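Below: the structure, in structure tokens.
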Amino acid sequence: DQQVKQNSPSLSVQEGRISILNCDYTNSMFDYFLWYKKYPAEGPTFLISISSIKDKNEDGRFTVFLNKSAKHLSLHIVPSQPGDSAVYFCAASGSQGAQKLVFGQGTRLTINP
Amino acid sequence: GAVVSQHPSWVICKSGTSVKIECRSLDFQATTMFWYRQFPKQSLMLMATSNEGSKATYEQGVEKDKFLINHASLTLSTLTVTSAHPEDSSFYICSARRMGGSTDTQYFGPGTRLTVL
């Protein structure tokens, strides 16, 4: 049972444009969501998070949107840069992050010059 | 920042031997650390939750006698793969939970590539 789903295994975006990565979840008990960036043979790097009491959180070029009714969140990167090319994982947990994280399958983002 | 280190970064061992992987939170204290494994082109799968001073909580299907976890201090957790076999070859990643504010976040180590011959 995949509770967190990233339905796009890959995404290709031109440099300077907006990258939008999507994530859906099924467990209504999740109340804390995170995005991680991962390069091959490295551990994930925390990017941005959002609590269920909010619908938007912004940090520099990264913005996460949460639609609780649709059980959907998205990560916007603008403008996209070549260094953004990596695999992006969304993750979810309950109890304000106090419980274990459940990860999506990941989306490989490629930024083309 | 929140830095988590792992040692070794890669290890090759013979079948039947045991391998210990260390996970350290360098600039914060972590009451809880997590151990994941990742197979090629797949997501991270949680193996166990490690709480300082108590026994680890293992996920369903993970053999606790094979994957020994010790969380001896607020900055160190170890994972020992006992009697390793080729099917144990994987990328093992730890994370440490940093408490702060109304929510907390897991910060990941760089991972350890284990190859069992």
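Owing to the predicted nature of the structure, the values given are computational and were not obtained by experimental measurement. The figures that follow rest on heavy atoms only: side chains count, while hydrogens, waters and symmetry mates do not. A, B, ... follow the sequence lines: proteins, then strands. Residue 1 opens every chain.
Ring geometry, A:Phe33 versus A:Tyr25: the interplanar angle falls from 30° to 60°, so the pair is classed tilted. Ring-plane geometry between A:Phe103 and B:Tyr36 is classed as perpendicular, the angle between the planes exceeding 60 degrees on a 0 to 90 degree scale with a lower cut at 30.
No hydrogens or angles considered: nothing links the side chains of A:Asp24 and A:Thr26 as a donor-acceptor pair under 3.5 Å. In summary, the side chains of B:Asn51 and B:Thr57 do not present any donor paired with an acceptor at a separation below 3.5 Å, with no hydrogens or angles considered.
Counted within 6.0 Å of NE2 on B:His7, heavy atoms from surrounding residues, nucleotides or ligands total 12 or fewer; the atom is thus considered open.
Between chain B and the options A:Gly43, A:Pro9, A:Pro40, A:Gly106, the largest number of non-hydrogen pairs under 4.5 Å is found for A:Gly43.
Residue contact with chain B, scored on non-hydrogen atoms closer than 4.5 Å, involves the side chain of A:Tyr36 exclusively. Contact of B:Leu44 with chain A is made through backbone and side chain together, with heavy-atom distances under 4.5 Å. Residue B:Gln6 does not touch chain A at all, counting heavy-atom pairs closer than 4.5 Å.
A ring-centre distance under 6.0 Å is not found for B:Tyr58 and B:Phe67.
A:Val4 and A:Leu75 end up in the same hydrophobic cluster when Ile, Leu, Val, Met, Phe, Trp and Tyr side chains are linked at under 4.5 Å.
The heavy-atom pair separating B:Asp65 from B:Thr82 by the smallest distance is O-OG1, 3.2 Å.
Contacts from residues 107-114 of chain B to chain A, taken as heavy-atom pairs separated by less than 4.5 Å, involve B:Tyr107, B:Phe108, B:Gly109, B:Pro110, B:Gly111 in sequence order.
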